[in-house]
There are 2 protein chains.
Amino acid sequence: MKEGPDISQIAALIGDPARANILTALMDGRALTASELAEEAGVGLSTASGHLSKLTDADLVSPRKSGRHKYFHLADAEVAGVLEALMGLAARRGATRVRTGPKDAQMQVARVCYNHLAGRMGVQMYRSLLGRDLLVEDNENVALTAAGRDFATGFGIDLAELEKGRTLLCRTCLDWSERRNHLAGSLGRAMLTRMEDLGWMHRDAGSRVICVTQKGKAAFEDMFGSA
Amino acid sequence: MKEGPDISQIAALIGDPARANILTALMDGRALTASELAEEAGVGLSTASGHLSKLTDADLVSPRKSGRHKYFHLADAEVAGVLEALMGLAARRGATRVRTGPKDAQMQVARVCYNHLAGRMGVQMYRSLLGRDLLVEDNENVALTAAGRDFATGFGIDLAELEKGRTLLCRTCLDWSERRNHLAGSLGRAMLTRMEDLGWMHRDAGSRVICVTQKGKAAFEDMFGSA
DNA sequence: TCAATACTTCGGTTACCGTCGAACTATGAA
DNA sequence: TTCATAGTTCGACGGTAACCGAAGTATTGA
């Protein structure tokens, strides 16, 4: 009767409010401990522990032990992608969070998606790279051109190092607020890290908001501005 | 505490097995009656009715009354996209359906995704169109080139008519089995319809499988073959 | 070795929600 | 008008799973 993989198990997993909170909290790409996630989800430690083992069993998150702490992070970028897609649906249905604070506006401008830059600035960067032929889209894959490799290296990114890793260098990720692609993959991650190192921006602790400094704003506009 | 739209409501909606079955059944793009969906989901009519009103409230499906029947279909292509994305996750986790019949293999070759061609052949067509510069990807958007418009017209598709509609002409959709893009949007739909009209293929009633005729296999390979 | 912290497991409670059948409404056919 | 079919609403039942606290395990630090 049924065709294709079974959606309901995974959807049900995401469907519990506490677990959804946990997953959302991990969307910033950081690894958090069980206690922190319990706090984030608003449940007791024992409850969170149970949720986390279910999420781990389903391969939505991965644990990493470090001393007496246990850190959890999203299993991979695909999981993050599905979560963003669900946010897209939820946002359009007007099921936005009750509390719409000042952070919501900032989230639209620049936020961290798993581990890369998302929001208006993320999309702007991506479009700029494409427009200047530093990046090309071939099918759903994106890749750096020769000029793009020079650019990245000049920006202070060690491509050879990145390419050693298992994760794809370039990947696209659909932005739930902008409804356009932005750059993911290990390069996306490295770009964000580099911009943080340069003092252009820094992550807001405890949220996914990225705060852009005055200096960063100018430098970013200078490098990726449409003008 | 929480950032972004609330995922859990929508995920919980998809997370119930009966509702997931309903949504999966609607992935072929057809509109089905409440009774048919009840049958498909394996629940009583009253139960299905309850589910359907919840899905309608959440704008995941849309009802259409016709006489004393009430037909339901997926609200839009974005919903279908999220469902496919979830299938992608589920497939990778090995949560494939218990029963793996002969249809599963056929589904990998050619199936209907909402209303367009998906599976190996869908991806092949998409890549072929891109490779011959009939289609270009610009950011996440895809568009027909001038040559592409000629091609589509020559293939018997009335582009002017399609562009009158509200739905985007070209759209990409991520294929859960191939993990590559294929063509969605109103053109994707029209292409499939046209190929059915030409007798190349036809939908298998009661599943998402697309059966390709001998003639169709040759003609498709002739037109979109990589050789 | 003892104490403290981080997490897991267990047991018991509670609440929600999916389920069905039966009664009700609406549309169409005879 | 009467009957039949399609769908909705309601009430009752039952099972699942989320939740907490307490006890148990593991790791670190003194």
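Naming convention: chains lettered A, B, ... in sequence-line order (proteins, then strands); numbering from 1 in each chain. Worth knowing before you read on, the calculation uses all heavy atoms, side chains too, and leaves out hydrogens, waters and symmetry mates.
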For A:His69 and D:dA26, give me the distance from atom NE2 to atom P, rounded to whole Å.
18 Å

Nearest whole angstrom, please: distance from the P of D:dA6 to the CG of B:Leu32.
15 Å

Report which part of the nucleic acid A:Thr33 touches: base, sugar-phosphate, or nothing (heavy-atom distance under 4.0 Å, all strands).
sugar-phosphate

Taking only side-chain N and O atoms of A:Thr47, does any of them lie within less than 4.0 angstrom of OP1 or OP2 on D:dC20?
yes

Does D:dG7 have OP1 or OP2 under 4.0 Å away from a side-chain N or O of B:Lys65?
no

Any sub-3.5 Å donor-acceptor pair from A:Arg203's side-chain atoms to A:Asp28's backbone N or O?
yes

Expressed as a whole number of angstroms, how long is the span from B:Arg68:CZ to D:dC3:C1'?
11 Å

Can you work out whether B:Ser46 or A:His51 has the more 5'-proximal nearest nucleotide on DNA chain D?
B:Ser46

Using whole Å, report how far CG of B:Leu37 lies from P of D:dG7.
9 Å

Distance check needed: D:dC19 C1' versus A:Asp16 CG, whole Å only.
10 Å

Spacing between B:Leu45 atom CG and D:dA4 atom P, to the nearest angstrom
18 Å

Take the protein atom CD1 of B:Ile22 and the nucleotide atom P of D:dG7, then report the distance between them rounded to whole Å.
12 Å

Side chain proximity check, A:Leu117 to A:Met191, heavy atoms < 4.5 angstrom:
no

A:Lys70 NZ to D:dA26 C1', in whole Å, measures 12 Å

Can you tell if the side chain of A:Tyr71 reaches within under 4.5 Å of the side chain of A:His73, non-hydrogen atoms only?
no

Check for me whether the distance between the ring centres of A:Phe224 and A:Trp200 falls short of 6.0 Å.
no

B:Thr56 side chain vs B:Leu52 backbone, donor-acceptor pair below 3.5 Å:
yes

Is any side-chain N of the basic residue among B:Arg111 and B:Glu84 closer than 4.0 Å to the acidic one's carboxylate O?
yes

Using a 4.0 Å heavy-atom cut-off across all strands, classify B:Ala48 as base, sugar-phosphate, or nothing.
nothing

Name the first nucleotide and the last nucleotide along DNA chain C (5' to 3') that come under 4.0 Å of a heavy atom in chain A.
C:dA4 to C:dT9

Between B:Arg208 (side chain only) and B:Val112 (backbone N and O only), is there a donor and an acceptor less than 3.5 Å apart?
yes

